[in-house]
Colleague: 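Starting off with a structure, shown below.
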Amino acid sequence: MTDQPDPLWGLPDPVLHAEFYRNVPAKRLVAWVVDTVLILLIALLALPFTAFAAVFVLPLFVALVGFVYRVVTLARGSATWGMRLMAIEIRNGRGERLDSQTAALHTLVYSLGMAFVLPQVVSVVLMLTGARAQGLHDMLLGTAAINRPARF
């Protein structure tokens, strides 16, 4: 036993409260697919507002739309629309919902990781093997996706 406090003390304990992490990797995958489809639809709907100039930088435009989508949805409810559909949300190390700054930082680190193959592979392995099902970006920021707790 160490004298160091657990930096993730506010998150549910993965042994005592395993139900918070049950099926989270599979739910994250489905949520990611839903969010990707939504981001593509939003980008296509926004395309005319750029006088179709965004067509010339379409991957960058879609990435920008995705970044804004993720920051706004994470800041407003600690979950993207795909995550809400799958009843999961991101919590910080204190177990709190994400604030705007943490949502932006989470999205930035996630986006950087998605830009390269190795961090993506590492994230998937960590999500499938870790007690809290955290991706690389979650481990770096001390966040975790959990099943949404019941509200009374």
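It should be emphasised that the depicted structure is a prediction, and the values quoted were computed from it without experimental measurement.
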Colleague: Tell me every residue that passes side-chain hydrogen bond (donor to acceptor under 3.5 Å, both in side chains) with Tyr110, counting only those two or more places apart in sequence or in another chain.
Modeller: Trp32, Arg70
Colleague: Tell me every residue that passes ring pair (Phe, Tyr, Trp, His ring centres under 6.0 Å) with Phe20, counting only those two or more places apart in sequence or in another chain.
Modeller: none
Colleague: Once side-chain hydrogen bond (donor to acceptor under 3.5 Å, both in side chains) is applied, do any residues pair with Asn147, and if so which ones, sequence neighbours excluded?
Modeller: Lys27
Colleague: Go through the structure and list residues passing side-chain contact (heavy atoms from CB on, under 4.5 Å) with Val57, not counting sequence neighbours.
Modeller: Leu60
Colleague: With sequence neighbours left out, write down each residue that passes side-chain hydrogen bond (donor to acceptor under 3.5 Å, both in side chains) with Thr107, or none if nothing qualifies.
Modeller: none
Colleague: For a quick test of your reading: what N or O donor-acceptor pairs under 3.5 Å do the side chains of residues 117-127 make, sequence neighbours left out?
Modeller:
residue : atom : partner : partner atom : Å
Gln120  : NE2  : Met114  : O            : 2.6
Gln120  : NE2  : Phe116  : O            : 3.3
Ser123  : OG   : Pro119  : O            : 3.2
Ser123  : OG   : Leu136  : N            : 2.9

Colleague: Going by side-chain heavy atoms closer than 4.5 Å, which hydrophobic residues are tied to Leu112, directly or by a chain of links?
Modeller: Phe67, Val71, Leu108
Colleague: Identify, with sequence neighbours excluded, every residue that meets side-chain contact (heavy atoms from CB on, under 4.5 Å) alongside Ser100.
Modeller: Ala75
Colleague: With sequence neighbours excluded, tell me which residues meet side-chain hydrogen bond (donor to acceptor under 3.5 Å, both in side chains) with Asp99.
Modeller: Thr102
Colleague: Run through the side-chain heavy atoms of Ile, Leu, Val, Met, Phe, Trp and Tyr, join any pair under 4.5 Å, and report what else lands in Val15's cluster.
Modeller: none
Colleague: Which residue pairs pass the salt bridge (charged side-chain N to carboxylate O under 4.0 Å, His left out) test when at least one of the two sits in residues 137-146, sequence neighbours left out?
Modeller: Arg28-Asp138
Colleague: Just to verify, what does Glu96 make a salt bridge (charged side-chain N to carboxylate O under 4.0 Å, His left out) with, not counting sequence neighbours?
Modeller: Arg94
